[in-house]
Amino acid sequence: MSIKRYGIEGSTGTGGQHLPFSSAVEAGGWLYISGQTPMVKGEIVEGSIIEQSRLAIQNCLDIMEAANFTLENIVHVKVILTDPRYFQSFNKVFYDFFSEYPPARICCVADLVVDCKVEVDITCFNPKKT
């Protein structure tokens with residue numbers, strides 16, 4: 001079994017810092033996507049929980065697409081919100097993305113190390129890649 005790492009060559013965090021981890025790692029048909037925030041080119045995009053949730057999820061899906069995984073391959077999603085009042089709004093966005101293939105999920109409330117409202121990571125499995 002080989003291990004393939006995505007996004008190690010140019011991932012940029014806030015303030016232009018090089019991120020010391022892969023955006024995703026693929027092994028044995030599994031794809032583990034690192035937590036994604038509502039960030040574009042190393043900068044957090046300001047906005048409501050709905051706008052930030054859409055972007056964080058889309059960032060995960062873009063990484064999945066680059067690794068040739070689809071929505072059907074999503075097994076589990078982890079969500080961190082910075083305020084419990086965001087839960088219902090996040091669920092509406094989540095439904096828009098995942099209503100056809102609902103994955104297992106955990107959602108918790110915690111402080112994040114970047115100034116945003118949400119972080120999302122996704123785990124996928126594609127049996128054709130084993």
Side-chain angles (χ1 to χ4, degrees):
M1 173 177 71
S2 64
I3 295 175
K4 184 172 183 180
R5 299 174 197 288
Y6 296 90
I8 58 173
E9 64 287 334
S11 295
T12 304
T14 54
Q17 69 175 335
H18 177 72
L19 297 176
F21 53 86
S22 300
S23 57
V25 175
E26 182 180 345
W30 291 92
L31 182 70
Y32 300 91
I33 299 173
S34 292
Q36 298 297 304
T37 58
M39 188 178 290
V40 174
K41 297 181 182 176
E43 297 300 323
I44 296 294
V45 175
E46 295 296 324
S48 70
I49 184 59
I50 290 173
E51 294 162 325
Q52 287 199 355
S53 297
R54 282 189 185 124
L55 183 53
I57 292 169
Q58 189 60 55
N59 285 344
C60 289
L61 299 182
D62 292 346
I63 293 167
M64 283 174 46
E65 183 179 337
N68 295 311
F69 283 77
T70 67
L71 288 172
E72 290 180 65
N73 301 132
I74 297 174
V75 175
H76 192 263
V77 177
K78 294 180 202 88
V79 180
I80 301 170
L81 301 173
T82 58
D83 190 317
R85 294 174 291 185
Y86 297 153
F87 186 71
Q88 287 185 324
S89 295
F90 179 83
N91 272 343
K92 290 176 185 175
V93 173
F94 191 88
Y95 181 82
D96 289 344
F97 279 96
F98 303 114
S99 60
E100 190 172 352
Y101 303 104
R105 187 184 90 180
I106 186 170
C107 185
C108 65
V109 175
D111 291 331
L112 295 172
V113 296
V114 293
D115 189 20
C116 65
K117 297 172 175 69
V118 60
E119 184 169 348
V120 177
D121 89 24
I122 292 179
T123 302
C124 303
F125 179 72
N126 184 340
K128 295 177 183 173
K129 293 183 152 232
T130 56

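Count residues from 1 along the sequence. Computation of the quantities below employed the complete heavy-atom set of this structure, encompassing side-chain atoms and omitting hydrogens, waters and symmetry-equivalent molecules.
V25 and V120 fall into different hydrophobic clusters, where Ile, Leu, Val, Met, Phe, Trp and Tyr residues are linked whenever their side-chain heavy atoms come under 4.5 Å apart, directly or through other members. When hydrophobic clusters are built by joining Ile, Leu, Val, Met, Phe, Trp and Tyr residues whose side-chain heavy atoms come closer than 4.5 Å, directly or via intermediates, F69 is grouped together with F97. Both F87 and I57 sit in one connected hydrophobic cluster of ILVMFWY residues. Membership requires side-chain heavy atoms under 4.5 Å apart, directly or through other members. Placement of Y6 and I33 within a single hydrophobic cluster is found when ILVMFWY residues are connected by side-chain heavy-atom separations under 4.5 Å, directly or transitively.
Aromatic pair F90/Y86: ring centres not closer than 6.0 Å.
Nearest heavy-atom pair across G29 and T130 is CA-CG2, 3.9 Å. Here the closest non-hydrogen pair linking Q52 and K117 is OE1-N, 2.7 Å. The nearest pair of heavy atoms linking L31 to A24 is CD1-CB, 3.8 Å. When all heavy atoms are compared, the tightest approach of Q36 to C60 is CG-SG, 3.5 Å. Across every non-hydrogen atom of L71 and Y101, the tightest pair is O-CB, 3.9 Å. The heavy-atom pair separating T123 from K78 by the smallest distance is OG1-NZ, 4.0 Å.
The number of heavy atoms from other shown groups lying within 6.0 Å of CD (Q58) is above 12. Heavy-atom neighbours of D115 CG from other residues, nucleotides or ligands within 6.0 Å: at or below the threshold of 12.
C124 is listed as a side-chain neighbour of I74, based on a closest heavy-atom distance under 4.5 Å. A 4.5 Å side-chain heavy-atom check between V113 and E119 finds every atom pair outside the cut-off. Put simply, the side chain of K92 does not reach to within 4.5 Å of the side chain of I50, judged on heavy atoms.
In this structure, CZ in F94 is found 5.0 Å from CZ in R105, a value given to the nearest 0.5 Å. Taking CD1 of I49 as the start and CG of L81 as the end, the distance is 5.5 Å to the nearest 0.5 Å. To the nearest 0.5 Å, atom CG of residue L55 and atom OG1 of residue T37 are 8.0 Å apart. With values rounded to the nearest 0.5 angstrom, E26 atom CD is found 11.0 Å from F125 atom CZ. Atoms CD1 and CD1, from I80 and I106 in turn, are 9.5 Å apart once rounded to the nearest 0.5 Å. To the nearest 0.5 Å, atom CZ of residue R5 and atom OG of residue S23 are 11.5 Å apart.
Put simply, the side chain of S34 gets close to the backbone of S22: a donor and an acceptor are under 3.5 Å apart.
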Checking N73 against K129 for the side chain to side chain contact (heavy atoms under 4.5 Å, CB included) test, could you report, in this order, the C-alpha distance in whole Å, the side-chain angles of both residues, the deciding distance, and whether it holds? CA-CA 11 Å; N73 301 132; K129 293 183 152 232; over 6 Å; no

Determine, stepwise, if the pair E51 / V45 fulfils side chain to side chain contact (heavy atoms under 4.5 Å, CB included). CA-CA 9 Å; E51 294 162 325; V45 175; over 6 Å; no

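The aromatic rings of Y32 and W30 lie parallel to each other, their planes meeting at an angle below 30°, with 60° marking the opposite boundary.
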